[in-house]
Amino acid sequence: MRAADARVLLTGASGGIGRAIVLALRESGAAVMGVGRAAESPLPPGTGWVRANLTTVDGLAALAGAAAGWRANVVVHAAGVPSFGALADTSPAQMQAVLQANLLAPMLLTQALLPSLRRLPKAQVLFVGSAVGRIGMPGFSVYGASKAGLHGFAEALRRELADTPVKVQILGPRSTRTAFNDAAVEAYNRATGTAMDSPEVVAAALLQLIESESAERFLGFPERLAVRLNGLLGALLDGSFARHRRSLHAGPLQPLSGENAT
Ligand SMILES: NC(=O)c1ccc[n+]([C@@H]2O[C@H](COP(=O)([O-])OP(=O)(O)OC[C@H]3O[C@@H](n4cnc5c(N)ncnc54)[C@H](OP(=O)(O)O)[C@@H]3O)[C@@H](O)[C@H]2O)c1
C-alpha cells in the first residue's frame with residue numbers, strides 16, 4: 001500500500017534498523033506506533049510508543065490490544081536478538097532466548113493480530129528475516145535457525161492467507177551496521193570480506209517492500225545471488241566457507257590476515 005495510507009506497528013523500533021525505519025516511514029507520510037521495552041519513548045515526537053516485552057505473555061497481549069485499538073494496518077516485526085559463535089560455545093539458555101525472541105514472539109504476535117487485520121480492507125505483515133536465514137553460515141547456526149524458521153513461517157502464512165486482505169512479506173537484510181553486531185562479528189565480516197549495509201539502506205528497502213507489496217526481498221550482492229544458488233545447489237556451496245570457519249575459531253581479536261586468504 002502507499003506509505004501515506006499505512007498505520008505501521010513496528011517492533012524493534014528502538015534498535016538501529018528500527019529507528020531508521022521510523023524516520024523513513026515518517027518522511028513518507030506513514031503513521032508509526034513503535035514498540036520496545038523502554039518506559040520512555042526514544043522516538044521522534046509524533047510517533048506512537050507502546051512499551052512491551054515481546055517474550056512475555058502479558059507483553060504480547062497488551063501489544064495486540066493496543067495495535068487493534070489503533071487500527072494498525074501494517075505490522076513490521078523488526079525486534080530481534082543476536083547470537084554469534086560456535087555451537088559448542090552457545091548455552092541452552094541462549095538458544096532458547098534467541099528462538100523465543102526471533103521466532104516464537106513474531107509468530108504469536110501475528111496470530112494475535114490476524115483477526116483484526118483480516119477485518120481491514122487491506123493489511124500487510126512484514127518480517128525482518130536475514131540472509132543467514134537462507135544461507136547457513138558457520139557461527140550463525142542458532143541465529144540462522146531462528147531466521148530460517150521465520151522465512152519458513154512467512155512463506156507458509158503468505159500462501160495460507162493468499163485469499164484474504166492480509167499480505168505477508170519478508171525482508172532479508174545482510175549484515176548491517178548497528179549495535180546488534182559486536183566486535184567479534186565485525187572481525188568475522190572483515191576477515192571474510194562480508195560487506196555491511198547502513199540501517200538506512202535496510203529502511204529504504206523495507207519502505208519499498210511496503211509500497212510494492214512483493215513477497216520477499218534480499219539485500220546486497222553477492223548475498224542475493226548466494227540465496228538463490230543455495231536454494232538450488234546448497235551442498236555444492238559447502239566448500240566455500242573455509243575462511244568463515246577459520247575466522248570463527250580464530251576468535252574476535254585475531255589479526256585480520258585472513259582477509260586475503262582463499
Ligand atoms: N544488524 C544486522 O546485522 C542485521 C542483519 C539482518 C537482519 N537483522 C535483523 O534486523 C532486526 C533489527 O536489528 P537491529 O540491527 O536494529 O538490532 P538492534 O539495534 O539490536 O535492535 C534490536 C531491537 O529489538 C528489540 N527487542 C529485542 N528483544 C525484545 C523483546 N524481548 N521485547 C521487545 N523488543 C525487543 C529491541 O528493543 P529494546 O529497546 O526493548 O531493547 C531493539 O529495538 C532484527 O530482527 C535482526 O535480527 C539485523
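We count ligands from 1, going down the list as the structure has it; atoms in each ligand are counted the same way. Owing to the predicted nature of the structure, the values given are computational and were not obtained by experimental measurement.
A donor-acceptor contact shorter than 3.5 Å links the side chain of E211 to the backbone of A3. Side chain of D182 to backbone of V185: a donor-acceptor contact under 3.5 angstrom is found. Not one N or O on the side chain of Q100 forms a donor-acceptor pair closer than 3.5 Å with the backbone of A105. Put simply, the side chain of N102 never gets that close to the backbone of L150: no donor and acceptor are under 3.5 Å apart. Distance alone, capped at 3.5 Å, is enough to place a donor-acceptor pair between the R7 side chain and the W70 backbone. For the pair D197 (side chain) and R174 (backbone), a donor-acceptor distance under 3.5 Å is absent.
Proximity annotation for atom 35 (C) of ligand 1: of H77, R19, R37, R174, R37 comes nearest, heavy atoms only. Comparing L150, T11, I17 by heavy-atom distance to atom 16 (O) of ligand 1, the nearest is I17.
Hydrophobic cluster membership differs between M196 and F180, with clusters built from Ile, Leu, Val, Met, Phe, Trp and Tyr side chains linked at under 4.5 angstrom. Hydrophobic clustering, with ILVMFWY side chains joined whenever heavy atoms are under 4.5 angstrom apart, groups I17 together with V32.
Nearest non-hydrogen protein atom to atom 7 (C) of ligand 1 is G129 O, 3.2 Å. Of all protein heavy atoms, the one lying nearest to atom 32 (N) of ligand 1 is L54 N, 2.9 Å. Looking at atom 20 (O) of ligand 1, its nearest protein heavy atom turns out to be F180 CD1, 3.4 Å. For atom 10 (O) of ligand 1, the closest non-hydrogen atom on the protein side is V128 CG1, 3.4 Å. With respect to atom 19 (O) of ligand 1, the closest heavy atom belonging to the protein is G16 N, 2.8 Å. Of the protein's non-hydrogen atoms, the one nearest atom 22 (C) of ligand 1 is G80 O, 3.6 Å.
Contact atoms of ligand 1 toward G36: 40 (O) (distance under 4.0 Å to a heavy atom of the residue). Within the listing of ligand 1, atoms 23 (C), 24 (O), 25 (C), 43 (O) sit less than 4.0 angstrom from a heavy atom of G12. Atoms of ligand 1 found under 4.0 Å from any heavy atom of T55, numbered from 1 in the order shown, are 31 (N). Ligand-side atoms of ligand 1 in range of N181: 1 (N), 2 (C), 3 (O), range being under 4.0 angstrom from any heavy atom. Listed by number with element, the atoms of ligand 1 under 4.0 angstrom from any heavy atom of A52 are 32 (N), 33 (C).
At least one heavy atom of N53 sits less than 4.0 Å from an atom of ligand 1. For R177, the heavy-atom gap to ligand 1 stays at 4.0 angstrom or more. Using a 4.0 Å heavy-atom cutoff, G59 is absent from the residues neighbouring ligand 1. M196 does not count as a contact of ligand 1, since none of its heavy atoms falls under 4.0 Å from the ligand. A heavy-atom separation below 4.0 Å is not found between A131 and ligand 1. Ligand 1 has no atom lying under 4.0 Å from any heavy atom of A101.
The distance criterion of under 3.5 Å between nitrogen or oxygen atoms is met by A79 with respect to ligand 1. Here's the thing with S14: one of its N/O atoms is less than 3.5 angstrom from an N/O atom of ligand 1. Residue-to-ligand polar distances place G15 within reach of ligand 1: an N/O pair is separated by less than 3.5 Å. Of the polar atoms of A38, none of the N or O atoms is found under 3.5 Å from an N or O of ligand 1, judged by distance alone. Where the criterion is an N or O separation shorter than 3.5 Å, residue side chain and backbone included, Y143 meets it with respect to ligand 1. For ligand 1, the polar-atom distance check against P173 finds no nitrogen or oxygen pair separated by under 3.5 Å.
Shown here is E213, whose CD atom has more than 12 heavy atoms of other residues, nucleotides or ligands within 6.0 Å.
With a heavy-atom cut-off of 4.0 Å, K147 touches ligand 1 through its side chain alone. Within the 4.0 Å heavy-atom criterion, the part of T178 lying near ligand 1 is the side chain and not the backbone. Contacts with ligand 1 closer than 4.0 Å are made by backbone heavy atoms (N, CA, C, O) of A78 only, the side chain lying farther away. Within the 4.0 Å heavy-atom criterion, neither part of V35 lies near ligand 1.
The aromatic rings of H77 and F127 sit parallel, their planes meeting at an angle under 30°, below the 60° perpendicular limit.
Here the CD atom belonging to E216 is positioned 10.0 Å from the CG atom belonging to L171, to the nearest 0.5 angstrom. The structure places CG of L209 at 9.5 Å from CG of L219, a figure rounded to the nearest 0.5 Å. Atom OG1 of residue T47 and atom CG of residue L25 lie 9.5 Å apart, to the nearest 0.5 angstrom.
Screening L232, D238, L233 against L236 for a side chain to side chain contact (heavy atoms under 4.5 Å, CB included) leaves a single residue, L233.
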| request: Just do the side chain to side chain donor-acceptor pair (under 3.5 Å) check on T192 and T194 with the steps written out, would you? | output: CA-CA 5 Å; T192 57; T194 303; 2.7 Å; yes
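Identified under the ring-ring contact (aromatic ring centres under 6.0 Å, His included) test for residues 206-232, with sequence neighbours left out: H151-F218.
By the 4.5 Å heavy-atom criterion applied to side chains, L161 and R118 are counted as neighbours.
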